[in-house]
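Structure, as structure tokens:
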Amino acid sequence: MSSLLIKNARYLGDSVDLLVVDGKVQSLSASINAPADAEIVDAAGKILFPSFIDVHTHLREPGYEWKETVATGLSSAAHGGFGAILCMANTDPVNDDAAVTEQILESARRSWPNGPRVHPIGAATVGLKGEELTRMSELKDAGCVAISNDGRPVGNTEIFRRMLEYAADLDLIVIDHCEDPYLAAKSHMNEGATSGVLGVKGQPDVAETIQASRSILLADYLGVPVHIAHVSAKRTVDIIAWGKSRGVKVTAETTPHYLTLDDTAVNGYNTLAKVNPPLRTPTDVAAMREAVKTGVIDMLATDHAPHAAHEKETPFDEAPNGFTGMDLALTITY
Ligand code: DOR
Ligand code: ZN
């Protein structure tokens, strides 16, 4: 039997002790006497949380191991306090086949047998090309817990409709990265005053809102659920609130960066602030915070999307979108 006693932690405003025996929480109270042989950790000045679940990360395995592996991603998760994470399908090969799902799960078991746990998100269409639906039931059997076309939004509304129906039949949530592919084409940041001054092609915030509206209207029509990924814009919050008020089964996430940064972070052609959806305006940041408070946004995720340093050390237009998130998510958000 192994025991761990965490003493003097702050939990929901109170000072508590927490006893863990053989990896399971046994008791939580104001004061617990240490069992013999217990490892004791003094957590005075620290806050105790249950481990978090991150519903949106990008592990880069298979295919982009110079950016991240399942092992390094799970290490980052552990440092950030995440006990379980969901990883997106934009690997190479894409996670559109049970063999890829199994490979990700096997890498996780090998590198971190006691967790954090990884739950893959399967691709909605083959190769994320938006043309042919994947064999979602096989992906589910292999361990996928949700379906998404990730950063390659499905342009064809008929295919998107079938995707929602098929996934709902299998009790799989569709996670929608909302971006009108035409309005957002070849953009590198938010369209607005900052993009104008920098001379960088921007995408209007309404590119996100239009796609989210399509999802919500279809979810309403079909009576199926849909989850809106990394909401960045006030207009999108408004349309989600409208869907919820109608009883549509729509849920939504935002991330620490949309709660804390606006598009002026891109000034100086700062590729580290290049992300998709792009950082928006202070008005959007304020609306995101409000939406978390009011519950229009149901959950926070990170969209942890690491790249190698040399990939970000390029002209702005050539740099990839995304940055790490799990390590600092709690600190930044708290
Ligand atoms: O910033 C982003 N990075 N947004 C995405 O949608 C994809 C992600 C990535 O995989 O790098
Ligand atoms: Zn993402």
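Order of listing sets the numbers, starting from 1, for every ligand and every atom in it. Keep in mind the model is a prediction, meaning the values are calculated, not measured.
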The atoms of ligand 1 lying under 4.0 Å from a heavy atom of His177, numbered in the order shown, are 6 (O)
Are the side chain of Trp112 and the backbone N or O of Ala71 linked by a donor-acceptor pair below 3.5 Å? yes
In terms of atom number and element, which parts of ligand 1 are under 4.0 angstrom from non-hydrogen atoms of Ala305? 3 (N), 8 (C), 9 (C), 11 (O)
Short list, please: which atoms of ligand 1 are under 4.0 Å from a heavy atom of Asn90? 9 (C), 10 (O)
Side-chain ion pair, Asp97 and Arg135, N-O less than 4.0 Å: yes
Is there a polar contact between ligand 1 and Asn276, counting only N or O atoms under 3.5 Å apart? yes
With Arg280 as the cation and Tyr258 as the aromatic partner, state whether NZ or CZ is under 6.0 Å from the six-membered ring centre and within 45° of the axis. no
Among the heavy atoms of Arg60, does any lie under 4.0 Å from an atom of ligand 1? yes
Does the shortest distance from the Zn ion (ligand 2) to an N/O/S atom of Asp150 fall below 2.8 Å? no
Flag Gly322 as yes when one of its N or O atoms lies below 3.5 Å from any N or O atom of ligand 1, and as no otherwise. yes
Run the numbers for me: atoms of ligand 1, each under 4.0 Å from some heavy atom of His307, listed by number. 11 (O)
Give the atom numbers and elements of ligand 1 that come within less than 4.0 Å of a heavy atom of Val275. 1 (O)
Backbone or side-chain N/O/S of His177 under 2.8 Å of the Zn ion (ligand 2): no
Which atom names give the shortest non-hydrogen contact between His304 and Asp327, and what distance separates them? CE1-OD1, 4.2 Å
Would you call Val250 and Pro225 a side-chain contact if the rule is heavy atoms closer than 4.5 Å? no
Please find out if less than 6.0 Å separates the ring center of His257 from that of Phe323. yes
Applying a strict under-4.5 Å side-chain criterion to I, L, V, M, F, W and Y, I'd like to know whether Ile147 and Val118 cluster together. no
If you measure only the distance, is there a donor-acceptor pair under 3.5 Å linking the side chains of His56 and Asp303? yes
Ion pair Asp42/Lys7, N-O distance below 4.0 Å: no
Angle, NE2 of His56 through the Zn ion (ligand 2) to OD1 of Asp303 - 10° precision: 90°
Does His230 bring an N, O or S atom to within less than 2.8 Å of the Zn ion (ligand 2)? no
Which of the ligand 1 atoms, numbered from 1, are nearer than 4.0 Å to a heavy atom of Asn321: 1 (O), 2 (C), 3 (N), 11 (O)
